[in-house]
Amino acid sequence: MKRRSGFVVMARLVGLVKPLTGFMILAIAMGLAGHLCAAFITILGGVAVLDVLGMDVPLSMGAVFACVLGFAVLRAVLRYAEQACNHFIAFKLLALIRDKVFFALRGLCPAKLEGRDKGDLISVITSDIELLEVFYAHTISPVAIATLFTVIMCAFIGSFHPALGMLALLSYVTVGVVEPLITSKVNGADGMKFRTRSGELSGFVLDSLRGLSETIQYGRGEDRLAKMNAKTDELAKDEKRLKRTSGYNMAATNTVILFFDFAMLFASAMLYQSGSVEFAGVLIPTIALFSSFGSVIALANLGSTLANTFAAGNRVLDILEETPMVEEITDGVNVEFDGARAEHVVFSYPGGQGLSAGAGDMGEKILDDVNVTFEPNRIMGIVGKSGSGKSTLLKLLMRFWKADGGNICISNENIERVNTVNLRDMESFVTQETHLFHDSIRNNLKIAKLDATDEEVEAACKKASVHDFILKLPQGYDTPVGELGDTLSGGERQRIGLARAFLHDAPFLLLDEPTSNLDSLNEAVILKSLREERKDKTVVLVSHRESTMRIADMVYSVENGRVS
Ligand SMILES: Nc1ncnc2c1ncn2[C@@H]1O[C@H](COP(=O)(O)OP(=O)(O)OP(=O)(O)O)[C@@H](O)[C@H]1O
Ligand SMILES: [Mg+2]
C-alpha cells in the first residue's frame with residue numbers, strides 16, 4: 001500500500017469536489033459570516049464597555065444592542081445553513097466516490113482481486129468511504145473558513161496597531177496550523193494502523209463465518225474465539241491510544257490559546273503605556289483575540305480525526321488509482337467468432353498476490369510455450385493433473401489475465417485488440433465454482449441474458465438438466481436463493497452454472513469441470529445437450545472424467561506447462 005503524505009491525500013480528495021464547487025463556496029461564505037458574527041458579538045460587548053466608561057465610540061448603546069441581537073440570530077441561522085450545505089456536499093460526494101470505487105473494482109476484476117482479502121475490501125467500501133464524510137463535511141470548509149477569518153481578524157486587530165495584528169496572526173497560525181501539523185505527524189501512523197487492524201478484524205470474522213463447518217468439525221471453536229478476542233483487544237488498545245492523544249491535543253490547544261491571550265493583553269498594555277494606542281486599543285484587540293479562536297480550534301481539533309480520515313482516504317485512493325492488470329478494451333475491433341488459438345503462450349501468476357503485487361515479480365511459470373487451436377464446431381477436451389494450469393488457460397482465453405508472452409487469438413484477431421464487451425459476448429465460461437446471488441433462481445439465471453424470456457430460461461435449464469429440480473422447489477423459478485442458503489448441493493449449483501452458460505448462448509463455450517459433481521444420469525443429459533450444441537458452437541471442455549471426455553473430438557493434455 002502506498003503511503004501518501006497528508007497533503008497529497010487532501011489534494012486528491014479536494015479534486016473530487018469539482019462538480020459541487022458552487023455549494024462549497026456557499027458553505028464557506030456562510031461559515032465565515034457565522035464566525036464573524038460570533039466574534040463581533042463579544043467585540044461589541046467591549047464597545048459597550050467603552051461607552052459605559054464614557055469613551056468616544058462610533059455606536060450608540062441602542063445600536064450596539066440591536067447589532068448584538070441581530071448577530072446572535074444570524075449566527076444561529078448561518079451555522080445551521082453551513083452545516084446543511086456541507087452535509088449535502090458530503091453525501092453527494094460519498095455517493096460519487098462509491099460509484100468510482102465500484103467502477104475501479106470492476107476494472108480490477110478479476111485478476112487483481114483474486115488474491116485480495118475480501119474483508120479488507122468490504123471495510124474500504126463501507127467504513128472507509130463513510131469516514132470521508134468527515135473530510136467533506138467537516139474539513140474542507142473549516143480550513144477555508146479559518147484562513148479567510150484569520151485574514152479578516154488580523155486586519156481588524158492590526159488596525160489598532162500593526163504589531164498587534166502580527167501577534168494575532170502568530171496565535172492563529174500556531175493554534176490552527178503548527179499544532180495540528182505536529183499532532184498529525186505524531187498520530188499519522190496510529191490512524192493508519194487502526195484502519196488496517198479493523199480491516200483485518202472484519203476479514204477474520206468473514207473468514208470464520210465461511211469456515212464455520214470446518215471450525216466445528218475440527219473443534220477449533222475455542223481457538224478461533226481466542227484469536228478473535230486477541231484481535232479485538234488490540235483494536236481496542238489502538239482506539240484508546242487515538243482517543244487519549246486527541247485528549248492531549250485538546251489540552252495543549254487550550255494552554256496555547258491562554259498563553260496568546262495573555263501575550264495580547266501584555267503587548268497592548270505596553271503599547272498603551274508608551275502612548276502608541278488608546279485604551280480602546282487594549283480592550284478591543286484583547287477581547288477580539290479572546291473570542292475569535294473558534295474557527296482555528298475547529299481546525300486544530302481536526303488533528304486527531306484527520307489522521308484517521310487520511311488513512312481512510314489513502315485506502316480509498318489505493319483502489320481508485322490502482323491500475324488494472326487487464327485494461328478493458330473499448331477502442332478495439334468487433335469480430336464474429338471463428339475459432340480460437342493460443343500461440344507460444346507463456347504465463348505465470350505474479351509472485352506476490354493481490355493489489356500490492358508488481359508486474360515485475362513473477363512467480364513460477366504455469367504455462368510455457370503453449371500452442372493450441374480450437375476449431376469451430378468441435379468439442380476440444382483438455383486433461384491434465386490438478387494444478388497443471390487447465391483453468392489458467394481458460395482464464396487467459398477469457399482475458400481475465402494477460403499472457404506474459406505469445407498470442408491468444410480469436411477469429412485470427414489478437415484478443416488484446418478485441419473489444420472486451422465483444423469478447424464477453426462471444427464466450428460463456430462455466431467455472432469450477434458457481435456463485436449464486438441472493439436473488440431468485442430466475443434472476444440468478446438471467447444474469448447471463450437480461451432480456452431472456454421465461455421460455456428461454458426454461459429451455460436452458462432443460463439442457464442443463466436442472467429444470468425438473470427447480471420445478472420441485474417451493475416457488476419454482478421464483479424461489480429466492482438466499483432462503484435456500486447453502487442447501488443447494490454442489491451438483492445443483494453446477495447445473496445452474498451450466499444453464500447460465502446455455503442461456504448466454506455464446507459461440508465459444510468454456511467449461512471447467514462441468515460434470516465433476518454430477519451423477520451419470522445428469523451427466524448423460526448434459527453431454528447430450530453439448531453434442532447438440534456442437535452444431536453451431538465451439539466447446540472447450542476441461543474434465544478429469546473419462547466418461548465426459550469421450551464426447552471430445554480431440555483431447556489436449558497439459559503437463560509441466562506444455563500442451564500436447
Ligand atoms: N490467482 C492465482 N495466483 C497465483 N497462483 C495461482 C492463481 N490461480 C491459480 N494459481 C496456481 O496456478 C497453478 C495452476 O492452477 P489452475 O487452476 O490452472 O490448475 P488446474 O489445472 O485447473 O487444476 P485443477 O484440475 O485442480 O482445477 C496452480 O499451482 C495454482 O496454485
Ligand atoms: Mg481447474
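When reading the values below, keep in mind they use all heavy atoms of this one structure, side chains included, and skip hydrogens, waters and symmetry mates. Nothing fancy with the numbering, it's 1 onward along the sequence. Numbering of ligands and ligand atoms starts at 1, following listing order.
- When each of I551, V555, T548 is tested with S543 by the rule side chain to side chain contact (heavy atoms under 4.5 Å, CB included), just one qualifies, namely T548.
- Considering backbone and side-chain atoms together, T392 places an N or O closer than 3.5 Å to an N or O of ligand 1.
- A donor-acceptor pair shorter than 3.5 Å cannot be found between the side chains of E427 and H504.
- With a heavy-atom cut-off of 4.0 Å, W401 touches ligand 1 through its side chain alone.
- The N/O atoms of G389, backbone and side chain alike, include one that comes under 3.5 Å of an N/O atom in ligand 1.
- Using a 4.0 Å cut-off to heavy atoms of H544, the atoms of ligand 1 that qualify are 25 (O).
- Every N/O-N/O distance between D512 and ligand 1 stays at or above 3.5 Å.
- A donor-acceptor contact closer than 3.5 angstrom links the side chains of N522 and D519.
- Ligand 1 lies out of reach of E364, whose nearest heavy atom is not under 4.0 Å from it.
- Side-chain atoms of R341 and N371 form no donor-acceptor pair, as typed in the model, at a separation below 3.5 Å.
- For the Mg ion (ligand 2), protein N, O or S atoms closer than 2.8 Å were enumerated as S391 OG, Q432 OE1, with waters left out.
- Residue Q432 approaches ligand 1 through these ligand atoms, each under 4.0 Å from one of its heavy atoms: 27 (O).
- In the displayed structure, K100 atom NZ is contacted under 6.0 Å by at most 12 heavy atoms of other residues, nucleotides or ligands.
- Side-chain contact, D404 with S348: a donor N or O sits under 3.5 Å from an acceptor N or O.
- In this model, a donor atom of one side chain and an acceptor atom of the other lie less than 3.5 Å apart for N444 and R500.
- For the pair R224 and F204, the cation-pi criterion (under 6.0 Å, within 45° of the ring axis) is fulfilled.
- Within the 4.0 Å heavy-atom shell around ligand 1 one finds G387.
- Scanning both residues, S208 and M228, for their nearest heavy atoms gives OG-CE, 4.3 Å.
- Annotation for R241: atom CZ counts as buried by contact number, over 12 foreign heavy atoms lying within 6.0 Å.
- Using a 4.0 Å cut-off between heavy atoms, I366 contacts ligand 1 through its side chain alone, with no backbone atom that close.
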